[in-house]
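Just so you know, ligand 1 is whichever comes first in the structure, and atom 1 is the first atom listed for that ligand. Hydrogens, waters and symmetry mates play no part in the numbers below; they use all other heavy atoms, side chains included. Values in this document were obtained by computation on a predicted structure and should not be read as measured data.
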Amino acid sequence: MKDVKLDRRKLLTGAAIGAGGMLSGCDVLNENETFRKVLHSATDANFVVQRSLGSRMALAREYSEEDRSPTFRANGTTDPDTPEYNAMAENGFVDWRLKVTGMVENELDLSLAEVRALPQRTQITRHDCVEGWSAIGKWQGVPLTFLLDEAKLADGARFIVFHCADIYKGAPYYESVDLVDARHPQTIIAHMLNDEPIPVANGAPLRMRIERQLGYKHAKYVHTIEAVDRLDNIHGGKGGLWEDRIDYAWYAGI
Ligand SMILES: Nc1nc2c(c(=O)[nH]1)N[C@H]1C(S)=C(S)[C@@H](COP(=O)(O)O)O[C@H]1N2
Ligand SMILES: [Mo]
């Protein structure tokens with residue numbers, strides 16, 4: 001039993017390096033009778049391994065073009081409306097910069113054009129807001145894992161923080177995830193929604209898609225991505241604006 005658990009952990013960890021390989025690995029394991037029994041026997045340790053690596057790396061469902069919502073509802077800040085933001089919006093965001101800073105060996109400072117020229121991923125997914133609405137949209141952007149590799153995470157980096165250009169009722173909006181979600185294949189920094197540049201209401205010019213978590217984790221208006229080893233010294237210390245403000249869960253997995 002113990003050996004099997006260790007094997008599974010090793011497989012999952014190894015496969016996590018190439019996300020595509022991971023899924024086929026899981027599929028193959030699930031077809032294996034012994035493995036199914038082991039999983040269903042669900043000792044605590046097995047459950048933890050399954051939950052922490054297997055299910056967290058699984059892909060969120062992707063939809064077809066016809067499934068898209070006629071309009072993608074906007075929520076929270078729908079226009080940062082600061083002088084700096086308005087000036088950049090008027091200019092089609094040619095002056096927007098995306099910085100990757102903190103615990104990295106190679107800081108990045110990219111223009112929107114440079115972001116658009118990096119490797120891209122497109123996905124049609126469902127956004128679930130904790131307030132009780134959902135919308136399906138098509139997002140295109142750069143996998144966050146690619147940016148983190150370009151920036152070379154320093155040893156000890158544990159969380160990725162997204163800093164946003166809007167002040168929401170008095171505090172700057174921000175969010176954060178651990179490295180599992182940061183490196184999830186569907187975690188992208190998007191610049192397109194439904195084949196158009198993202199509208200201001202939905203986070204122009206760059207917003208996160210964290211597909212395995214609830215809507216408030218998907219930071220809009222992102223200007224800085226920061227790698228850190230702790231969250232307790234950032235803003236209210238709980239890893240996000242809503243976490244600080246009204247105790248929303250930091251891990252909002254779906
Ligand atoms: N910068 C920023 N990001 C944000 C918010 C916000 O107010 N400011 N609201 C969050 C919430 S609660 C949701 S549901 C989604 C809404 O994204 P949408 O406006 O594209 O629907 O953005 C999230 N990201
Ligand atoms: Mo939300």
Per-atom contacts of ligand 1 with [X], taking only distances under 4.0 Å to non-hydrogen atoms:
X: C129; value: 14 (S)
X: G76; value: 7 (O)
X: N75; value: 9 (N), 12 (S), 14 (S), 16 (C), 18 (P), 19 (O), 21 (O)
X: Y221; value: 1 (N)

Distance (rounded to the nearest 0.5 Å) between [X] [atom1] and [Y] [atom2]:
X: T101; Y: H163; atom1: OG1; atom2: NE2; answer: 6.5 Å
X: I246; Y: L241; atom1: CD1; atom2: CG; answer: 9.0 Å
X: D181; Y: E175; atom1: CG; atom2: CD; answer: 11.0 Å
X: Y85; Y: D79; atom1: OH; atom2: CG; answer: 6.5 Å

Per-residue contact class, [X] against ligand 1 - non-hydrogen pairs under 4.0 Å:
X: Y216; value: both
X: C164; value: side chain
X: A201; value: backbone
X: N202; value: both

Nearest heavy atom to atom 20 (O) of ligand 1 wins, so pick from R207, H127, H218.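 Minimum heavy-atom distance to atom 20 (O) of ligand 1 goes to R207.
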For [atom], which protein heavy atom lies nearest, and how many Å away is it?
atom: atom 10 (C) of ligand 1; answer: Y173 OH, 3.3 Å
atom: atom 1 (N) of ligand 1; answer: D166 OD1, 2.7 Å
atom: atom 13 (C) of ligand 1; answer: G215 O, 3.6 Å
atom: atom 21 (O) of ligand 1; answer: R73 O, 2.6 Å

I'd like to know whether ligand 1 has W133 as a neighbour, heavy-atom separation below 4.0 Å.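 The answer is yes: ligand 1 sits under 4.0 Å from a heavy atom of W133.
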Look at ligand 1 and say whether F72 reaches it with a heavy atom at a distance under 4.0 Å.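 Under 4.0 Å: yes for F72.
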Checking the side chain of [X] only, and the main-chain atoms of [Y] only, is there a donor and an acceptor separated by less than 3.5 Å?
X: E243; Y: Y248; answer: no
X: D109; Y: R97; answer: no
X: R126; Y: A135; answer: no

Is the closest N or O pair between [X] and ligand 1 shorter than 3.5 Å?
X: Y168; value: no
X: T77; value: yes
X: K220; value: yes

Ring centroid separation F72 to W139 under 6.0 Å: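 Yes, they do, as the ring centres are separated by less than 6.0 Å.
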When you check the gap from the basic side-chain N to the acidic O, do R183 and D178 get nearer than 4.0 Å?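 Looking at D178 together with R183, the answer is no, because their closest N to O distance does not fall below 4.0 Å.
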Of all heavy-atom pairs between Y174 and K238, which one has the smallest distance, and what is that distance?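 Result for this residue pair: OH-N, 3.9 Å.
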For side chain to side chain contact (heavy atoms under 4.5 Å, CB included), just list the numbers for L144 and I188, CA-CA rounded to whole Å, side-chain angles, deciding distance to a tenth of an Å, and then say yes or no. CA-CA 5 Å; L144 179 58; I188 63 174; over 6 Å; no
